[in-house]
Amino acid sequence: MKYIFVTGGVVSSLGKGLTSAALGALLEQRGLKVRLQKFDPYLNVDPGTMSPFQHGEVYVLNDGAETDLDLGHYERFTSGELSRLNNLTSGKVYETVLQKERRGDYLGATVQVIPHVTNEIKQRIYEGAGDDVDVLITELGGTIGDIEGLPFLEAMRQFNLEVGRDNVLFLHCTLLPYLKAAGELKTKPSQQSVAKLREIGIQPDILVCRTEHPMTNDMRQKLSLFCNVPVKAVIEEMDVETSIYELPLALKAENIDDLVIDHLGLDAPDSDMKVWHDVVRRLKAPSHKVEIGVVGKYIELQDAYKSVYESIIHAGISNDASVRIVRLDAEDLEKNPAKYLATLDGILIPGGFGDRGTEGKIAAAKFARENGIPYFGLCLGMQIAVIEFARNVAGLEDANSTEFNPETKHPVIDIMEDQKDLKTKGGNMRLGACPCKLSKDSFSIHAYGQEMVEERHRHRFEFNNVYRDQLKQAGLRIAGTNPERDLVEIIEIPDHPWFVAVQFHPEFKSKPNAAHPLFANFIAAALKYKK
């Protein structure tokens, strides 16, 4: 078992997650089984209650864990399925330690950061790999020098001693800022960052340098000398031109996978990277173009709908099409939706919580239904479509969700009775993978090509089965149901070119080389509509 620890210096948002994911992809291409995990130093137990404005999307795993969005990168770039063991926060560490202390597990000892907190972190490193994994890549969030990250770095230093230096590789991501007035890149911040890391007792083996301009050989020599890293291990990581999916090829060109293989003593044949070359070719030279509107309330923040945007791109790759994503604030659509939607080839409404922008989303769903524009609703996007259909087709004028209006006369979306008494945090939320049985002759079964599927959920409110027959009689198709609890999972409008809305989050199971079937069919329908 081999271990790689990825840290970051100088500034946050350097792309440590993408670097970790791309490295995982490179090692997988060489026949190794790779698993990735993320350590986050903040005190929240998990990101589930954090605002998308601060932290971006919450990425949900099959086992229902609400995790950091970087785990989305890990699953998109590699084939390994992750679990709640692959995301750890300071909050979770301290919660576990204090629970053990209250139970008396420490036998009256004074509980301290060292060894009790660091032992808990090290245990998670051992647990995070799972069975038959060759390499575990662990990314530490934050920046070297942050006080919150010190227990994690100390645990990594100790872990290195426990398993042996030949089994551990430290990779440090850093920034080379460009000073326009001087006309040059500066290495001093990177030198200081590595010096801080070495003070803690960690010597990086590979230095990955984020830069907007090419590095000179002199700069590599300088960083090698001052950071005590071999020249060949000073890696240039330039901003990619078209897409993040170019990153594995860019790092391959720098021979980073050879460095890792050699350092860890692994036996792994080289790869031609055909899969990634094909992905990049389709991104750079597509045969078609299409324009998709995404209607949300966190629209100004790129990371709030990260997996949705990536899944749309994946679907474009599978359809050999360039997809222009038009981000639309739902509140802008309330009065004149045609102004924003008329030129689009498809409309997508992603998930979310709360009632802000609801009427604008309903207006968007109505515009798509009435004008034959392909529509794809995700989670809240399905609930919006049901409300719109109930109001404007089934004649239930006051139809709404009890999330938005608890006093609505027609609660077509509601918390199910067997969930209402669950008061604990997340107790009445459906989280993780659930089965779905598809209806014959539906858009969805045509997309999937099979009758039973499994998709990930993150929501409290459901389609109210009291209204199922009434809405079906009005023309709504129930295209997918949960066989265990008879919950509606997919609704469609049969006499529409392509109108599909799902209660789950298909964006969490899409990859650049394997687009999710529903996203792929949505983009195919948008291309057909465009013609």
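The figures here come from the full heavy-atom set of this structure, side chains too, leaving out hydrogens, waters and symmetry mates. The first residue of the sequence shown is numbered 1, and numbering continues consecutively from there.
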Asks: For N44 and T89, which I'm curious about, is there any donor-acceptor pair between the side chains at under 3.5 Å?
Replies: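 No - no donor-acceptor pair under 3.5 Å links their side chains.
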
Asks: For the residue pair I137 and V6, establish whether any side-chain heavy-atom pair is separated by less than 4.5 Å.
Replies: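 Yes, at least one pair of side-chain atoms sits under 4.5 Å.
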
Asks: For a side-chain contact (heavy atoms from CB on, under 4.5 Å) with I312, tell me which candidate from F519, F376, F522 qualifies.
Replies: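 Exactly one pass, corresponding to F519.
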
Asks: Are N160 and F170 packed together at the side-chain level, in the sense that at least one heavy-atom pair is separated by less than 4.5 angstrom?
Replies: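 Side chain of N160 against side chain of F170, heavy atoms only: contact under 4.5 Å found.
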
Asks: Do D267 and R30 sit within salt-bridge range, that is, some charged N less than 4.0 Å from a carboxylate O?
Replies: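 Not counted as a salt bridge, because no side-chain N and carboxylate O are separated by less than 4.0 Å.
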
Asks: Any carboxylate oxygen within less than 4.0 angstrom of a Lys/Arg side-chain nitrogen, looking at D239 and R210?
Replies: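 Salt bridge between D239 and R210, a charged N being under 4.0 Å from a carboxylate O: yes.
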
Asks: Would you say M238 and E212 make side-chain contact, with heavy atoms under 4.5 Å?
Replies: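 Answer no - side chains too far apart.
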
Asks: Answer yes when E291 and R324 have at least one side-chain N-carboxylate O distance shorter than 4.0 Å, and no when they do not.
Replies: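 R324 and E291: salt-bridged.
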
Asks: So, R456 side chain and H505 main chain: donor-acceptor pair closer than 3.5 Å or not?
Replies: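 Not a single qualifying donor-acceptor pair exists.
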
Asks: Which heavy atom of K530 sits nearest to which heavy atom of V290, and what is that distance?
Replies: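 For K530 and V290, the tightest heavy-atom pair comes out as CD-CA, 4.5 Å.
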
Asks: Say you draw a straight line from CG of L175 to OG of S190; how long is it, rounded to the nearest 0.5 Å?
Replies: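 So the gap between those two atoms works out to 6.5 Å.
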
Asks: Does the side chain of S307 come under 3.5 Å of the side chain of E57 through a donor N or O and an acceptor N or O?
Replies: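 S307 vs E57: donor-acceptor pair found between side chains.
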
Asks: Can a donor-acceptor pair be found, under 3.5 Å and without considering hydrogens, that links the side chain of S90 to the backbone of P41?
Replies: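 Yes; judged by distance alone, with no hydrogens or angles, the pair exists.
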
Asks: Between K252 and D258, is there a salt bridge with N-O shorter than 4.0 Å?
Replies: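 No salt bridge links D258 with K252.
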
Asks: Side chains of I206 and V229: closer than 4.5 Å at any heavy-atom pair?
Replies: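 No, too far: nothing below the 4.5 Å cut-off.
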
Asks: Can we say E120 and K122 salt-bridge, meaning some charged N sits less than 4.0 Å from an Asp/Glu carboxylate O?
Replies: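 Salt bridge between E120 and K122, a charged N being under 4.0 Å from a carboxylate O: no.
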
Asks: Is the backbone N or O of G128 less than 3.5 Å from a side-chain atom of N86, with the two atoms forming a donor-acceptor pair by type?
Replies: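 Indeed, once roles are kept as given, a pair shorter than 3.5 Å links the two residues.
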
Asks: Which class fits the ring pair H459 and H457: parallel under 30°, tilted 30 to 60°, perpendicular over 60°?
Replies: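 Plane angle between 30° and 60°, so tilted.
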
Asks: For K284 and E241, what are the C-alpha separation, side-chain angles and deciding distance, and is it a side-chain contact (heavy atoms from CB on, under 4.5 Å)?
Replies: CA-CA 9 Å; K284 289 191 170 184; E241 294 178 8; 3.9 Å; yes

Asks: Just wondering, do I256 and V208 contact through their side chains at under 4.5 Å, heavy atoms?
Replies: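 Contact flag for V208/I256 side chains = yes.
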
Asks: Measure from the side-chain N and O atoms of E246 to the backbone N and O of T242, and report whether any donor-acceptor pair falls under 3.5 Å.
Replies: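 It does hold such a pair.
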
Asks: Within the side chain of Q203, is there an N or O that forms a donor-acceptor pair under 3.5 Å with the backbone of N228?
Replies: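 Yes, because the side chain of Q203 sits within donor-acceptor range (under 3.5 Å) of the backbone of N228.
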
Asks: To the nearest 0.5 angstrom, please state how far the CG atom of L88 sits from the CD atom of Q123.
Replies: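 CD of Q123 is found 11.5 Å from CG of L88.
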
Asks: Judged by modelled atom types alone, do Y74 and Q37 share a side-chain donor-acceptor pair under 3.5 Å?
Replies: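 Q37 and Y74 do not have a side-chain donor-acceptor pair below 3.5 Å.
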
Asks: State whether a side-chain donor-acceptor pair under 3.5 Å links S193 with H172.
Replies: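 The answer is yes; a qualifying pair exists.
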
Asks: Strictly distance-based, threshold 3.5 Å: is any side-chain N or O of D146 a donor or acceptor partner for the main-chain N or O of G142?
Replies: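 Between the backbone of G142 and the side chain of D146 there is no qualifying donor-acceptor contact (under 3.5 Å).
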
Asks: Taking NZ, NE, NH1 and NH2 as the nitrogens, is one of them in D134 or K33 under 4.0 Å from a carboxylate oxygen of the other?
Replies: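 No, this pair does not count.
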
Asks: Please determine if K92 and D46 form a salt bridge, counting it only when a charged side-chain N lies under 4.0 Å from a carboxylate O.
Replies: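 No salt bridge links K92 with D46.
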
Asks: Any donor-acceptor pair under 3.5 Å linking the side-chain atoms of E28 with those of S79?
Replies: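 Present: a donor and an acceptor within the cut-off.
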
Asks: Other residues, nucleotides and ligands only: do more than 12 of their heavy atoms fall within 6.0 Å of CD on Q99?
Replies: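 Yes, CD of Q99 has more than 12 neighbouring heavy atoms, counting only those of other groups under 6.0 Å.
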
Asks: Heavy atoms, side chains only, cut-off 4.5 Å: are V34 and L36 in contact?
Replies: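 They are in contact (side-chain heavy atoms under 4.5 Å apart), so the answer is yes.
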
Asks: Does the K297 side chain pair with the main chain of G357, one donor and one acceptor, at a distance under 3.5 Å?
Replies: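 The answer is no, because no donor-acceptor pair under 3.5 Å joins these two groups.
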
Asks: Could you check whether atom NZ of K232 has more than 12 heavy atoms from other residues, nucleotides or ligands sitting under 6.0 Å from it?
Replies: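 No.
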
Asks: Would you name the heavy atoms of S224 and V234 that are closest together and state the gap between them?
Replies: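 Looks like N-CG2, 4.1 Å.
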
Asks: Please identify each residue that fulfils side-chain contact (heavy atoms from CB on, under 4.5 Å) with R157, with sequence neighbours left out.
Replies: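 Result, side-chain contact (heavy atoms from CB on, under 4.5 Å) vs R157: E154, L161, I202.
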
Asks: C227 pairs by side-chain contact (heavy atoms from CB on, under 4.5 Å) with which of L197, V194, T174?
Replies: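 Among the candidates, only V194 passes.
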
Asks: Establish, from distance only, whether the side-chain atoms of T211 and E236 form a donor-acceptor pair under 3.5 Å.
Replies: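 Looking only at side-chain atoms, E236 and T211 do not form any donor-acceptor pair under 3.5 Å.
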
Asks: Quick test of your reading: applying side-chain hydrogen bond (donor to acceptor under 3.5 Å, both in side chains), list the pairs with at least one residue in residues 309-318, sequence neighbours left out, ordered by first then second residue.
Replies: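 Those involving residues 309-318 are Y245-E310, Y245-H314, H314-S510.
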
Asks: In Å, rounded to the nearest 0.5 Å, how long is the span from CZ of F226 to CD of Q192?
Replies: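 Taking CZ in F226 and CD in Q192, the distance rounds to 10.5 Å.
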
Asks: Taking the side chain from H116 and the backbone from Q112, do they hold a donor-acceptor pair closer than 3.5 Å?
Replies: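 Yes, the answer is positive, given that a donor and an acceptor are paired below the 3.5 Å cut-off.
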
Asks: For N87 and D68, indicate whether the former's side chain and the latter's backbone hold a donor-acceptor pair under 3.5 Å.
Replies: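 At least one qualifying donor-acceptor pair exists.
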
Asks: Give the intermediate values and the outcome of side chain to side chain donor-acceptor pair (under 3.5 Å) for residues H73 and E139.
Replies: CA-CA 12 Å; H73 293 313; E139 176 198 349; over 6 Å; no

Asks: Among R220, M219, M215, find the one that has a side-chain contact (heavy atoms from CB on, under 4.5 Å) with T187.
Replies: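 When side-chain contact (heavy atoms from CB on, under 4.5 Å) is applied between T187 and each of R220, M219, M215, only M219 qualifies.
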
Asks: Once side chain to side chain donor-acceptor pair (under 3.5 Å) is applied, do any residues pair with Y126, and if so which ones, sequence neighbours excluded?
Replies: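 So Y126 forms a side chain to side chain donor-acceptor pair (under 3.5 Å) with E162.
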
Asks: Look at the side chain of T118 and the backbone N and O of P115, then say whether any donor-acceptor pair between them is shorter than 3.5 Å.
Replies: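 Looks like yes, one N/O pair under 3.5 Å.
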
Asks: Is there a side-chain contact between P512 and I313 in this structure, where contact means two heavy atoms from C-beta onward sitting under 4.5 Å apart?
Replies: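 No - every pair of side-chain heavy atoms lies 4.5 Å or more apart.
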
Asks: Could you tell me whether R282 and D278 have a side-chain N and a carboxylate O separated by less than 4.0 Å?
Replies: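 Looking at R282 and D278, the cut-off is met.
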
Asks: Does either side chain, that of E66 or that of Y59, offer a donor lying less than 3.5 Å from an acceptor on the other one?
Replies: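 Short answer, no.
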
Asks: Check whether any side-chain heavy atom of H263 lies under 4.5 Å from a side-chain heavy atom of R165, and answer yes or no.
Replies: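 Yes; the side chains approach each other to less than 4.5 Å.
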
